[in-house]
Amino acid sequence: MFSLYKKELRSYFFSPFAYVIAALFLLIFAIPFINGIANLSGTEYKFSFSNIFYNNFFYFIFLIPALTMRTFADERKSGTEVLLMTSPLNVFQIVAAKFLAVSTVFLMMIALTNFYPIITAMTGDVMISSLICGYTGFFLWGLVCISIGMLMSSFTESPIIAAILGEGAMIILLFIDNIKNSGLFQSLPKAAKIIGAFSTEERFENFSQGIMGLGDIIFFITATIMFLGFTIISIEKKRWSRG
Amino acid sequence: MIEIKNLTKYYGKNAAVRNITFSVLDNEILGFLGPNGAGKSTTMNIVTGYLPSTAGNVLIDGIDIAQEPSKAKRMIGYLPEIPPVYVDMKVKEYLLFCAGIKGIKRSERKAQVENAMDKLKVKDVENRLIRNLSKGYRQRVGFAQAILGDPKYLILDEPTVGLDPNQVIEVRNLIRSLKKDHTIILSSHILAEIQAVCERVVIISHGEVRAIDTIKNLEDSLGGALILLMKITGKKSDVTECIRNIDGVVNIIDASMEDEGVYTYKIEIKDDGVRKDIMTALVKNDFEIDEVSTEKPNLEEVFVKLTAQPPRKKGLKDLLDEYDDEAEASDEQNDGSKEDK
Ligand SMILES: Nc1ncnc2c1ncn2[C@@H]1O[C@H](COP(=O)(O)OP(=O)(O)O)[C@@H](O)[C@H]1O
Ligand SMILES: [Mg+2]
């Protein structure tokens, strides 16, 4: 399993692709940061990283499918799925290794953004606790998105379609609150409540405001495991229904 | 020993493989022969645990591949039809990765990879990206992957397709040399391929097993049978009818048109004596015999005969009747067009 993890990780670092995404990611991060500085009033030198986190993920989660689109679609397209599936590894191990590899890349990407708080810390104070909290939320959110992206990739043979499906899922995830609050569901409070249970945005907001709730952590982890579970099922099902 | 028992596989509503049963004995090279679309790849994908079967079992040394996949898969090296290579990896790096996922001990991986590269003669490209390799080399890299870890069973799906003749000979020699330490299933749609390296052959067509025997037995079973080639003038349906009613005629294999109303018939007969009977009968019925020659039947014909039948166990007679009906229909068409002129 470690071999597969290593190979996946390597495939990210040897493709220019991951670097482009990381660069985009840092750039997206920089904009609100610069804005934050620009908007500082003369007397109060204070701005919130939490806000930056919060603003960022709207852009950022659209980058995740680009990381996950190839995970299974590519294997199927190139015929290497056979190699993995006829090795002694089981589907759980294959999914886990791939998930860990993408998560590692993601973790490295957010580690790079530490660059901004560090610069800030050199000349001023950084609220460490809220920063850690924001990062944790960001990371957990990312894991959910990665597991969804991988599920989408397991549906198809084409990385492009996987990316499009992934983006679609991300949009749904982002706008789930808007859907809940829409006229249709306002008239169906029960349905609205059910949809609300899947709402991740509020939970992320908690993190970005420096509140680390156990319930929210469990929610994100459960969601991740659930989507990985679906991924395993999807792969097994493909195996049963066709080649 | 690999035991395949009553294996059936449906893709949706279509059966790709129907009730296949055969065994692979230790240290043999078993040929798995069938035309394209016969179900060879499907069977091999099931035997290696890539696809689940709809019904039936596959036992690898008594271990069911569906029950204990991880244990069974360790005993198998598989070269699928399309070599499962990552084009963005280098050859050696790819093989080390494969050794890793196959669960070969870390300390043995290097030696295993070197050994496989030596055997497949890919050492000279070990640091090249697979993307830049020719088809022949890719095939060999895929093959090298299959023998990593010295698995007891090697399952090779059409390993020589797309190779040039020299490479084909190399691969054949390699397979023969692997026989010492491995049990091999080799699939192909080319009889000569199987004849060259296998002692025993399973012939499959339309998802069903048509014959399981040694090559030698298949050849012997042809025994004294002869193929008679006769060029005869006369209406095809009448001629076939006349020939078929003669004792000792096994089968009319083919009838190809030479000219208007002149066909060359390929007739399988029990022994040379039947030839005279046929000629007498034809002359009696006023058909004109233009040419007669005989040839020994070969395995190719057996193969064609066994695999040309559609499924659903139609008798040969039904087949021939169908054949005649078609022929008559086209004859009538021809007559019609002549009258128009
Ligand atoms: N993934 C698939 N989905 C649907 N049908 C398939 C699939 N793979 C193969 N088949 C069908 O199953 C039959 C057997 O195919 P295959 O096992 O590839 O034959 P072979 O390897 O002998 O050429 C063919 O009729 C083919 O069209
Ligand atoms: Mg095939």
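Numbered from 1 within each chain, the chains take letters A, B, ... in sequence-line order.
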Measure A:F2 against the heavy atoms of chain B and call it side chain, backbone, both or neither at under 4.5 Å. side chain

Tell me, side chain or backbone of B:Y94 under 4.5 Å from chain A's heavy atoms, or both, or neither? side chain

Of the backbone (N, CA, C, O) and the side chain (C-beta and beyond), which part of B:P80 lies under 4.5 Å from a heavy atom of chain A, both, or neither? side chain

Cut-off 4.5 Å, heavy atoms of chain A, and the answer for B:V85 is backbone

Tell me whether the guanidinium CZ or amine NZ of B:R140 lies under 6.0 angstrom from the six-membered ring centre of B:F143 and within 45° of its axis. no

What part of A:Q93 gets within 4.5 angstrom of chain B, counting heavy atoms only: side chain, backbone, both, or neither? neither

Given that the side chain runs from C-beta out, which part of B:Y78 has a heavy atom under 4.5 Å from chain A: side chain, backbone, both or neither? side chain

When rounded to the nearest 0.5 angstrom, what distance separates CD1 in B:I155 from NE2 in B:H182? 13.0 Å

Most contact-rich option vs chain B, by heavy-atom pairs under 4.5 angstrom, among A:E75, A:R10, A:M85, A:M1, is A:R10

B:T42 versus B:Y11, side-chain donor and acceptor atoms under 3.5 Å: yes

Can you say whether B:E93 sits under 4.5 Å from chain A via the side chain, the backbone, both, or neither, judging by heavy atoms? side chain

Does B:K40 use its side chain to pair, donor to acceptor, with the backbone of B:S187 at less than 3.5 Å? no

Going by heavy atoms in the side chains, are B:V209 and B:V202 under 4.5 Å from each other? yes

Inter- and intrachain pairs under side-chain hydrogen bond (donor to acceptor under 3.5 Å, both in side chains), touching residues 62-73 of chain B, at least two apart: B:N57-B:D64

